[in-house]
Amino acid sequence: MSHFKSLTLEWSEERLILIDQRKLPIEEKYVECRNHEDVYLAIREMIVRGAPAIGATAAFGYLLGARELANASDEVFFDHMTTVKRRLSDSRPTAVNLFWALERMENVLFSNRSLNRKELIDSLEGAALSIAKEDIEINKALGRNGATVVRDGDGILTHCNAGALATVDYGTALGVMRAAAEQGKRIKIYADETRPYLQGARLTAWELIKSGIDVTLICDNMAGWVMKKGFIDLVLVGADRIAANGDSANKIGTYSIAILAQRHGIPFYIVAPLSTVDLTTVSGEEIPIEERSHSEITHLGNQQIAPEGVKCFNPAFDVTPSSLITGIITEKGIARPPYDVSLREMFEKNPEEVI
Ligand code: MRU
């Protein structure tokens with residue numbers, strides 16, 4: 001029985017243990033998932049969130065699903081696996097890493113269907129562990145690639161949480177910051193609080209303080225002013241799905257920051273693994289955008305702050321058009337416009353050809 005542990009998730013003795021991101025930074029609590037339904041709920045309820053973290057978690061959910069009917073007949077078992085995949089796919093719609101990871105797990109299932117059931121489940125466990133371990137290596141590679149655009153003394157604005165918590169470990173946008181800091185560059189991070197779910201205030205600020213990286217928390221509506229004051233040299237954000245033409249879906253508010261960055265002549269970079277690039281989605285128009293509960297806007301925690309019955313609109317993500325994006329930092333290098341060419345080229349590169 002294999003054991004794996006990172007900040008975000010732990011696979012141990014046939015269960016998945018997740019740090020409960022809803023409770024951070026006030027409490028460090030953990031939630032145990034023992035079957036695929038627990039994993040579905042953990043993703044849907046945002047116990048775990050962030051595109052690569054959702055993908056890796058879903059892979060373990062698929063594995064748990066296989067263990068549930070380990071002794072069933074082939075017909076019952078393979079039908080069940082189709083149901084498991086469908087259920088996990090329904091947890092959240094925007095981050096493509098979820099679908100990418102489930103597709104990868106299903107391919108392992110079908111390519112090993114001639115094995116006995118124990119060997120088949122072992123191969124699924126190997127695949128889920130590979131997804132988790134690879135994610136950390138990928139983040140370190142994109143961190144190194146991204147650090148080339150960070151200069152000593154830079155002020156960097158980020159939005160939402162694209163850190164260790166949003167991945168298996170290390171982070172994407174925060175991975176670039178970590179790599180730059182590890183190289184001795186003195187950087188100063190400005191973290192948007194990220195209304196309404198406050199991933200910036202709760203998670204990014206917590207992670208950066210823990211890592212000893214200088215962080216200043218601002219409200220979302222201060223981003224333009226800190227740019228105008230000259231505090232920001234660079235914007236680094238993550239992504240949930242990048243279309244073939246480079247249009248990038250990320251946390252609601254990212255689009256406004258990209259416009260502000262263009263107005264102030266500040267480079268705006270997306271930082272994401274290639275598993276976030278969806279070449280089957282032609283442009284941002286086709287990216288499904290999750291809408292979340294109105295209570296996230298009308299309430300702060302349990303405290304109501306808006307009049308009873310007010311109409312609300314709560315999209316969880318927006319799409320930044322590729323024309324506003326300076327570069328897309330991936331594990332295989334930095335894609336530059338035109339993205340319909342450069343993103344495809346990234347997939348064809350060998351890791352050693354990087355940069
Ligand atoms: O709703 P969330 O918290 O899952 O949204 C997360 C984001 O938008 C992140 O920026 C994105 O997933 C990239 S994480 C490396």
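Both ligands and their constituent atoms are indexed starting at 1 by order of listing.
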Would you tabulate the side-chain donor-acceptor contacts of residues 49-56 under 3.5 Å, counting partners in other chains and residues two or more places apart, or write 'none'?
residue	atom	partner	partner atom	Å
Arg49	NH1	Gln21	OE1	3.1
Arg49	NH1	Asn161	OD1	3.0
Arg49	NH2	Asn161	O	2.9

| query | Does the side chain of His159 pick up a donor-acceptor pair with the side chain of Asp192 at under 3.5 Å? | reply | yes
Less than 3.5 Å between some nitrogen or oxygen of [X] and one of ligand 1, yes or no?
X      : answer
His159 : no
Thr172 : no
Gly50  : yes

| field | Partner set under side chain to side chain contact (heavy atoms under 4.5 Å, CB included) for Ser295, not counting sequence neighbours | value | Ser293, Thr298, His299
| message | Tell me whether the rings of Tyr190 and Phe231 are parallel (<30°), tilted (30 to 60°) or perpendicular (>60°). | response | parallel
Which of the ligand 1 atoms, numbered from 1, are nearer than 4.0 Å to a heavy atom of [X]:
X      : result
Pro52  : 14 (S), 15 (C)
Ala166 : 14 (S), 15 (C)
Ala51  : 12 (O), 14 (S)

| remark: So for Tyr197 against ligand 1, with non-hydrogen atoms under 4.0 Å, the contacting part is neither
| said: Please work out, at 4.0 Å between heavy atoms, whether the side chain, the backbone, both, or neither of Ala162 comes within that distance of ligand 1. | reply: both
| request: Report the member of Met46, Arg292, Gln199, Arg92 with the shortest heavy-atom distance to atom 4 (O) of ligand 1. | output: Arg92
| query | Of the choices Lys251, Glu290, Gln21, Arg49, which has the non-hydrogen atom that lies closest to atom 1 (O) of ligand 1? | reply | Lys251
Between [X] and [Y], does any side-chain N to carboxylate O distance fall below 4.0 Å?
X      : Y      : answer
Glu290 : Arg292 : yes
Lys23  : Asp20  : yes
Arg344 : Asp340 : no

| task | Answer whether the closest heavy-atom distance between the side chains of Phe77 and Arg113 falls below 4.5 Å. | result | no
| Do the two ring centres, one from Phe60 and one from Trp11, sit under 6.0 Å apart? | yes
| query | Quick one: does Ala95 get within less than 4.0 Å of ligand 1, heavy atoms only? | reply | no
Can you report which non-hydrogen protein atom sits closest to [atom], along with the distance?
atom                    : answer
atom 10 (O) of ligand 1 : Asn250 OD1, 2.6 Å
atom 13 (C) of ligand 1 : Ala239 O, 3.4 Å
atom 7 (C) of ligand 1  : Asp240 OD1, 3.3 Å

